[in-house]
Amino acid sequence: MDKRQSFFRPIVAAFCVVIALLACSSPQVTHLSTAPAEQLSLRLSFTNLLTPAAEVIVDVVVSSDLNTRVALADNQRLTVNGRAPDTPPLIRLGASYRFTVPRSSTGGEYTIVYTDERGQQTSVVVPAPQRDLAITAPTAHAQVPIPAPGSTLALRYTAPELFPATSPIAKGLYRQIDAGVEGHCRASRPDGIPVSAPSCISLGSTQPDESGVAVISDTGALPEYGFGNLEPGAGKLYVRVDVNGAMPPAGFASVWLMVTDVVDIPITWVSADSY
């Protein structure tokens with residue numbers, strides 16, 4: 001037997017196993033020669049929708065049921081704000097269509113249009129936020145006194161108003177806002193995270209009511225994980241917003257919206273005694 005063949009056989013076998021595993025774990029993908037909008041479901045995922053950015057990334061998954069994703073035929077098209085997908089869908093695992101579009105101005109919108117094989121167009125509109133997600137206090141690069149163990153730190157932010165509360169779109173959506181602080185440790189943690197880790201100390205607060213104030217506390221945390229072990233120096237504050245849920249189908253079988261955006265700012269932790 002050729003030595004080169006014997007050398008490459010294990011590699012080829014391993015490659016085949018990987019392909020097989022991906023095939024088993026990936027959703028089924030199909031082409032439909034006839035695919036009216038009322039038989040299709042859309043899953044829309046937005047990145048940079050809520051935070052200042054030049055462009056917004058929109059991922060669209062088209063499916064005919066829970067387990068079958070649809071790769072559109074040549075005479076079927078998807079656009080977002082008039083733009084075609086960045087790449088053919090099958091290049092990206094799971095037949096997801098990715099669009100990179102200029103960020104709409106406040107009060108603008110993102111229009112996803114599906115054109116079927118007959119030329120029939122069906123669209124769904126996702127509005128741009130009424131304001132951007134931003135941290136307002138403390139400010140970026142501020143010196144922030146390290147809270148005493150058991151005390152709190154108030155973080156203020158502007159929450160994006162994606163949909164007016166009275167909008168029918170808002171009724172099917174779930175919103176979650178999480179805020180938190182990070183920094184280095186004074187002493188090593190019991191779980192082995194090094195003191196040099198930027199998030200050695202990571203404390204959060206859930207603030208789902210969009211009040212604009214998140215109260216960060218180390219209540220319930222072990223001393224090694226709380227404010228008492230926070231090292232003076234570089235730190236970070238962050239706010240994360242998640243929005244997901246069903247939108248009015250607008251002619252499709254269903255439309256599901258998912259938005260996840262994070263804004264963070266650098267700060268400097270200082271000893272309360274020296275502040």
Side-chain angles (χ1 to χ4, degrees), residues 46-57 103-108 128-163 175-243 259-275:
F46 281 77
T47 304
N48 297 335
L49 179 66
L50 310 178
T51 54
E55 296 177 318
V56 170
I57 296 173
R103 191 166 188 256
S104 294
S105 59
T106 300
Q130 300 301 305
R131 58 187 180 187
D132 291 333
L133 173 66
I135 297 174
T136 58
T139 58
H141 306 289
Q143 293 188 335
V144 180
I146 298 175
S151 60
T152 61
L153 171 67
L155 186 158
R156 298 183 181 275
Y157 58 92
T158 58
E161 296 179 354
L162 190 56
F163 305 108
R175 299 171 184 80
Q176 179 76 28
I177 297 180
D178 299 287
V181 302
E182 294 181 354
H184 299 280
C185 291
R186 293 176 183 268
S188 298
R189 296 184 354 179
D191 59 4
I193 298 296
V195 294
S196 59
S199 58
C200 185
I201 296 297
S202 181
L203 299 167
S205 170
T206 301
Q207 192 72 24
D209 60 358
E210 300 193 7
S211 68
V213 179
V215 178
I216 314 298
S217 171
D218 66 351
T219 301
L222 295 174
E224 299 90 341
Y225 299 83
F227 287 133
N229 196 26
L230 188 57
E231 174 74 7
K236 182 172 74 174
L237 308 180
Y238 69 87
V239 178
R240 167 176 167 157
V241 174
D242 291 278
V243 179
V259 180
T260 297
D261 275 325
V262 180
V263 62
D264 60 68
I265 60 171
I267 60 164
T268 300
W269 295 110
V270 297
S271 172
D273 296 336
S274 62
Y275 188 75

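When reading the values below, keep in mind they use all heavy atoms of this one structure, side chains included, and skip hydrogens, waters and symmetry mates.
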Handout entry: Residue pair Val181 / Leu153, side-chain heavy-atom distance below 4.5 Å
Key = yes
Practice task
Measure the shortest side-chain to side-chain distance between Asp178 and Val239 over non-hydrogen atoms and say whether it is less than 4.5 angstrom.
Solution key: no
Handout entry: Spacing of OG belonging to Ser202 relative to OH belonging to Tyr238, to within rounding of 0.5 Å
Key = 4.5 Å
Handout entry: Smallest separation among heavy atoms of Asp132 and Pro52, with atom names
Key = OD2-CG, 3.5 Å
Problem - Residue pair Thr268 / Val144, side-chain heavy-atom distance below 4.5 Å - result: no
Exercise for the section: Measure from the side-chain N and O atoms of His184 to the backbone N and O of Ser196, and report whether any donor-acceptor pair falls under 3.5 Å. Expected result: yes
Handout entry: Heavy-atom side-chain contact between Ile146 and Val270 under 4.5 Å
Key = no
Problem - Backbone N/O of Thr158 and side chain of Arg131: donor-acceptor pair under 3.5 Å - result: no
Exercise for the section: Enter the distance from Asn48:CG to Ile57:CD1 here, rounded to the nearest 0.5 Å. Expected result: 6.0 Å
Practice task
Please name the pair of heavy atoms, one in Ile265 and one in Thr139, separated by the smallest distance, quoted to 0.1 Å.
Solution key: CD1-C, 3.7 Å
Handout entry: Arg186 (side chain) donor-acceptor with Leu230 (main chain) under 3.5 angstrom
Key = yes
Exercise for the section: With the side chain counted from C-beta on, respond yes when Val213 and Tyr157 share a heavy-atom pair under 4.5 Å apart, and no when they do not. Expected result: no
Exercise for the section: Indicate the atoms forming the closest heavy-atom contact of Pro129 with Pro160, along with that distance. Expected result: CB-CB, 4.1 Å
Handout entry: Sidechain-backbone polar pair: Arg103 side chain, Ala128 backbone, donor-acceptor under 3.5 Å
Key = no
Problem - Minimum heavy-atom distance between Val263 and Ile135, given as atom pair plus value - result: O-CD1, 3.9 Å
Fill in the blank from the handout: Quick note, salt bridge (charged side-chain N to carboxylate O under 4.0 Å, His left out) partners involving residues 231-240, not counting sequence neighbours, are Glu182-Lys236, Arg240-Asp242
Practice task
Report the C-alpha distance between Val241 and Val259 in whole Å, list the side-chain angles of each, state the deciding distance to 0.1 Å, and finish with yes or no for side chain to side chain contact (heavy atoms under 4.5 Å, CB included).
Solution key: CA-CA 8 Å; Val241 174; Val259 180; over 6 Å; no
Practice task
Nearest 0.5 Å please: distance from the CG atom of Leu237 over to the CG atom of Asp264.
Solution key: 9.0 Å
Practice task
Taking all heavy atoms of Pro147 and all of Trp269, pick out the closest pair and write down the distance.
Solution key: CD-CZ3, 4.2 Å
Exercise for the section: Report the distance from atom OG of Ser205 to atom CD1 of Ile177, rounding to the nearest 0.5 Å. Expected result: 10.5 Å
Handout entry: Inter-residue atom distance Leu203.CG - Ile216.CD1, 0.5 Å rounding
Key = 8.0 Å
Exercise for the section: State the OG1-CG distance between Thr260 and Leu50, to the nearest 0.5 angstrom. Expected result: 9.0 Å
Problem - pair Arg189-Cys200: side-chain heavy atoms closer than 4.5 Å - result: yes
Handout entry: Of all pairs that satisfy side chain to side chain donor-acceptor pair (under 3.5 Å), the ones with a partner from residues 217-227, not counting sequence neighbours
Key = Ser217-Thr219
